[in-house]
Protein chains: 2
Amino acid sequence: MSQQTPHLLRADARDNRDRVLEAARTLFAEQGLAVTMRQIARRAEVGPATLYRRFPTKQTLVEAAFADEVRACRGIVESGCAAPDPWRGLCSVIEGLITLNARNHGFTEAFTAAAPDADVFTTHRAALLTLLTGLIRRAREAGALRRDATVHDLVLILQAGRGLSALPPARRDQAARRFATLVIDGFRPVVTSRPQLAGPVPSQP
Amino acid sequence: MSQQTPHLLRADARDNRDRVLEAARTLFAEQGLAVTMRQIARRAEVGPATLYRRFPTKQTLVEAAFADEVRACRGIVESGCAAPDPWRGLCSVIEGLITLNARNHGFTEAFTAAAPDADVFTTHRAALLTLLTGLIRRAREAGALRRDATVHDLVLILQAGRGLSALPPARRDQAARRFATLVIDGFRPVVTSRPQLAGPVPSQP
DNA sequence: AAGCTAACGGACGCCGGCGTCCACTTACCG
DNA sequence: CGGTAAGTGGACGCCGGCGTCCGTTAGCTT
């Protein structure tokens with residue numbers, strides 16, 4: 001499941017490194033990136049120095065810990081784009097990404113980081129955005145998508161999905177699926193024959 | 001705009017109290033509840049002791065700082081419920097609450113707090129939920145709302161809205177409005193005549 | 001104007017995380 | 001089995017927030 005650990009490390013070092021990564025993944029997923037390096041070291045039953053030797057910076061630890069998630073993202077997006085029907089592909093992307101994000105408080109935080117300083121995820125993000133732009137375009141041209149939908153809307157709802165990872169872990173999955181359902185229906189073409197009781201909503205004073 | 005400060009305070013004390021509240025509101029809105037008491041004191045140009053004298057606990061400060069927002073919430077919900085057309089009322093509630101939340105990083109955090117220990121907002125939340133339940137029911141009975149929609153869905157999308165307050169302040173408003181639009185369309189009845197290319201989405205392996 | 005007391009804020013001790021150093025341990029290799 | 005270098009983690013000094021104390025300032029009252 002994880003990337004191969006460099007075999008140049010001594011056996012015990014390799015072991016400690018793995019334990020650190022596992023601890024980091026667990027804590028990041030549960031509590032987000034705010035967990036301290038110390039907390040991670042303690043959970044891995046390792047001294048602070050050991051942690052810092054392998055991962056001099058929290059950034060490097062975050063990258064290593066979320067390598068799997070980045071791959072999962074790629075997989076979700078690529079298989080969605082490869083689907084013969086762009087609308088179904090888009091649906092699976094939406095559900096997949098929202099669920100993945102809801103499961104991983106920390107990953108979402110890292111991947112949608114507001115501060116892009118030295119952000120290694122930026123590259124991945126850009127690549128995925130390109131793919132998604134194409135998918136959206138195809139779905140729109142197929143008439144399966146509301147006309148005014150853009151890739152920015154997709155980013156927007158993923159950004160909104162961040163809120164879900166604040167829920168208690170037990171409820172995140174169900175919430176994510178339901179949210180995906182609602183959002184997907186919101187992406188469908190606006191059918192004027194549907195009950196049009198609502199006009200523009202007056203903004204709140 | 002704010003609640004009247006107790007007149008039993010000396011003039012300078014009253015002044016400092018107001019400055020503290022203003023500082024707290026600004027910082028909470030921009031950066032969320034994680035700002036330190038010290039930061040607030042510094043911005044208010046007040047010693048820590050003064051801050052603690054008026055607000056012994058961060059919780060008391062949060063409550064005081066967000067009194068306006070709580071009122072605004074009530075207003076939005078009540079006026080939405082009072083609307084003759086429940087669907088339009090619901091739309092205005094959704095847009096109003098999402099926008100309010102996006103504007104106020106800290107308020108959202110406080111109001112949707114996962115840890116309800118000694119949470120004074122709980123009471124307000126409960127009251128609003130009751131109102132909203134009725135509104136949803138009426139909208140559904142009027143056929144303006146998808147049949148499977150419940151008040152939980154509304155809470156869900158408000159929870160999701162938390163993610164928006166992580167955006168840079170300049171973009172929050174526009175993002176909130178767009179998000180509200182998408183969500184509102186997702187709440188409309190599912191019209192089977194619309195392009196039904198999508199079936200159930202296979203969950204990601 | 002003068003006294004009284006509310007109010008102020010700098011300073012204190014405490015805690016916990018930060019990143020680093022170094023004396024000790026232990027896995028690996030010949 | 002022994003030498004050696006890789007690896008370890010406790011301890012250190014630093015910083016910044018925490019909540020409180022108390023000597024000083026200044027608003028209100030008569």
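For clarity, every value in this text was computed on a predicted model and none was experimentally measured. So that the names make sense, note that chain A is the first sequence line, chain B the second, and so on, each numbered from 1.
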Subject >> Donor-acceptor pair (no angle test) under 3.5 Å: B:R10 side chain, C:dA6 base >> reply: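 Answer is yes: a donor-acceptor pair is held.
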Original post:
Between the base of D:dG19 and the side chain of B:R38, is there a donor-acceptor distance below 3.5 Å?
Top reply: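 Side chain to base: pair present.
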With the side chain of [X] defined as its heavy atoms from C-beta on, choose the nearest nucleotide among [options].
X	options	value
B:A49	C:dG10, D:dG9, D:dT8	C:dG10
A:N16	D:dA5, D:dG27, D:dT8	D:dT8
B:L9	C:dC21, D:dT8, C:dA7	C:dA7

**OP:** Please check if the distance between the ring centroids of B:F66 and B:F28 is under 6.0 Å.
**Re:**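 Ring centres of B:F28 and B:F66 closer than 6.0 Å.
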Original post:
Does the pair B:R178 and A:D148 meet the rule for a salt bridge (Lys or Arg N to Asp or Glu O under 4.0 Å), with working shown?
Top reply: CA-CA 11 Å; B:R178 181 61 177 163; A:D148 63 350; 3.1 Å; yes
Original post:
Which part of the nucleic acid, if any, lies within reach of B:A11 when heavy atoms closer than 4.0 Å are counted: base, sugar-phosphate only, or nothing?
Top reply: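 Sugar-phosphate contact only - B:A11 comes under 4.0 Å of backbone atoms but never of a base.
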Original post:
Looking across every strand, which nucleic acid part, if any, lies under 4.0 Å from B:T50 by heavy atom: base, sugar-phosphate, or nothing?
Top reply: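 Base contact.
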Subject >> B:R42 side chain near D:dG16 phosphate (N/O to OP1/OP2, under 4.0 Å) >> reply: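 So the side-chain polar atoms of B:R42 never come under 4.0 Å of the phosphate oxygens OP1 or OP2 of D:dG16.
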Original post:
Would you say a side-chain N or O of B:R53 is under 4.0 Å from OP1 or OP2 of C:dC8?
Top reply: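 Looking at the OP1 and OP2 atoms of C:dC8, one of them is under 4.0 Å from a side-chain N or O of B:R53.
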Can you tell me the distance, in whole Å, between the [atom1] atom of [X] and the [atom2] atom of [N]?
X	N	atom1	atom2	value
A:M37	C:dT20	CE	C1'	13 Å
A:R14	C:dT26	CZ	C1'	18 Å
A:L51	C:dG19	CG	P	10 Å
B:D15	D:dC28	CG	P	11 Å

